[in-house]
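Encoded as structure tokens, the structure appears first; notes follow it.
Every chain is numbered from 1, with letters handed out A, B, ... down the list of sequences. What you see is a predicted model, and the numbers here were worked out from it, not measured in a lab. The analysis underlying the following values was restricted to heavy atoms, covering all of them including side chains, and did not include hydrogens, waters or symmetry mates.
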Amino acid sequence: MRALPVVAVTMVLVLVLFGAIAGASSPIGLVKVTEGMATVQRGNETLPASLGLALQEGDVLRTGVDGRMGVVLRDDTRLSLGPESEIRIDRFLFAPAKGHLALVVKMARGVMAFVSGNIAKLSHDAVRVETPVAIVGVRGTQFLVKVETQ
Amino acid sequence: MLLASCATPGPPPVPKQSMFLVIPDSEGKVGQITVTNRTGTQVLDQPRQASTVQSADDAPSPPSTLEETEIKRIFGEALAAQPASPARFILYFKDDSEELTPDSEVLLREVFRTMRDRGALDISVIGHTDTIGTREYNYQLSLRRARRVADLLAKQGVDRNILDIESHGEDNLLIKTGDQVREPRNRRVEITVW
């Protein structure tokens, strides 16, 4: 019985530690190329897409008339945008040991070049690009999308 | 609709449409994508094969092949912004030590070169061990290995702020073994240069 509190405290500590690791919105990738007007919107905040900026799940990437942006995600997926483009990295899960794999990119407009990474390599149905007119299922590797709506 | 088309004389405007297209990757391989909406689906798996979609209510067009010049015209800017993929290296260590093997000393110079050539923005350094010793001991050992490599990188002028140090101990074996197994290929630090 005397050991119980120790066990409990240890368990709480372990949980807190794991929580801290999982809860710290760990970066899912970073900005590697940026030119002209290029921003990252995170919640209500709009950040300039500066070189090396760490990306988080849910970030919205936008380029202006003279803008371009290239990003690398943690699983080696590479996304790049031409001018007047907008995508949201809706979901990014890369924990191969646990079998947690997912990448969903929502593309609202513009042009994008996409090179799939390890998520697509490890799981055939885990990577998807959603546009207003159709959904792309990604087996790999390099493809291009232009979204132009009526 | 009829009235509208009567009211606009001259050549009809190019209809707005979305486009999906596969191209070979840097190794020349062509992958596969599917383009699907509620009215249809198309599979693209040949070089420069494209499907266009007018709206969510129109089925994706059957695949057609796009000319290189067209691809460049439409997607040139997006392709120009494509980043290089991260470079990865594995450095190996002597048994129960944070000292690099001679081969890895040599490889380290290539790591330095890559960092400089790419203008590294972020470098991840992850230490590992084999399964000799306790889990806790190995966690500390692989931490020392990762810190040692980080020190060597910092000595070459790498800003410590872009160094990400992790220790996985014996929990992330490159070569799967049982417990208490000496395995030189598991005694390593993995470096990713972004």
Max heavy-atom pair count under 4.5 Å with chain A, selected residue of Ala78(B), Gly31(B), Ser124(B), Ala80(B): Ala78(B)
Approximate separation, where rounding is to 0.5 Å, of Arg74(A) CZ and Asp122(B) CG: 11.0 Å
Greatest number of heavy atom pairs closer than 4.5 Å to chain A - which of Ala50(B), Ala56(B), Pro83(B): Pro83(B)
Pick from Ala81(B), Gly76(B), Pro60(B) with the largest number of heavy-atom pairs that fall under 4.5 Å of chain A: Ala81(B)
Segment of Arg48(B) engaging chain A (4.5 angstrom heavy-atom cut-off): neither
Greater than 12 external heavy atoms within 6.0 Å of Arg62(A)'s CZ: yes
Atom NZ of Lys98(A): over 12 foreign heavy atoms under 6.0 Å: no
Side chain, backbone, both or neither of Ile71(B) within contact of chain A (heavy atoms, under 4.5 Å): side chain
Same cluster (ILVMFWY, side-chain, under 4.5 Å), Leu101(A) and Ile28(A): yes
Same apolar cluster (I L V M F W Y, side chains within < 4.5 Å links), Leu53(A)/Val33(A): no
Verdict with supporting geometry, Leu144(A) and Leu79(B), side-chain contact (heavy atoms from CB on, under 4.5 Å): CA-CA 9 Å; Leu144(A) 307 167; Leu79(B) 285 165; 3.8 Å; yes
Greatest number of heavy atom pairs closer than 4.5 Å to chain B - which of Val147(A), Val72(A), Leu81(A): Val72(A)
Considering all heavy atoms, the nearest Glu148(A)-Lys16(B) contact: OE1-CA, 3.5 Å
Cluster link Ile74(B) to Phe20(B), ILVMFWY, side chain under 4.5 Å: no
Heavy-atom neighbours of Arg88(B) CZ exceed 12 at 6.0 Å: yes
Spatial distance of atom CD (Glu77(B)) from atom CG (Asp66(A)) [nearest 0.5 Å]: 9.5 Å
Val189(B)-Ile126(B) co-clustered via ILVMFWY side chain contacts under 4.5 Å: no
Leu107(B) with Leu163(B), same ILVMFWY side-chain cluster at under 4.5 Å: yes
Members of residues 125-138 of chain A whose heavy atoms come closer than 4.5 Å to chain B: Thr131(A), Pro132(A), Val133(A), Ala134(A), Ile135(A), Val136(A), Gly137(A), Val138(A)
Interface moiety of Leu73(A) toward chain B, non-hydrogen atoms closer than 4.5 Å: backbone
For the student: nearest non-hydrogen atoms of Lys146(A) and Gln17(B), plus distance: CE-O, 3.5 Å
Arg118(B) atom CZ, over 12 foreign heavy atoms within 6.0 Å: yes
Whether over 12 other heavy atoms sit under 6.0 Å from Arg160(B) CZ: yes
Contact winner vs chain B - Leu79(A), Thr34(A), Leu51(A), Asp76(A), heavy-atom pairs under 4.5 Å: Asp76(A)
Residues of residues 104-123 of chain A contacting chain B, heavy-atom criterion under 4.5 Å, by residue number: Val111(A), Met112(A), Ala113(A), Val115(A)
Interface residues of residues 36-44 of chain B facing chain A - non-hydrogen atoms under 4.5 Å apart: Thr36(B), Asn37(B)
Any donor-acceptor pair under 3.5 Å from Lys32(A) side chain to Trp194(B) backbone: yes
Partner set under side chain to side chain donor-acceptor pair (under 3.5 Å) for Thr46(A), not counting sequence neighbours: none
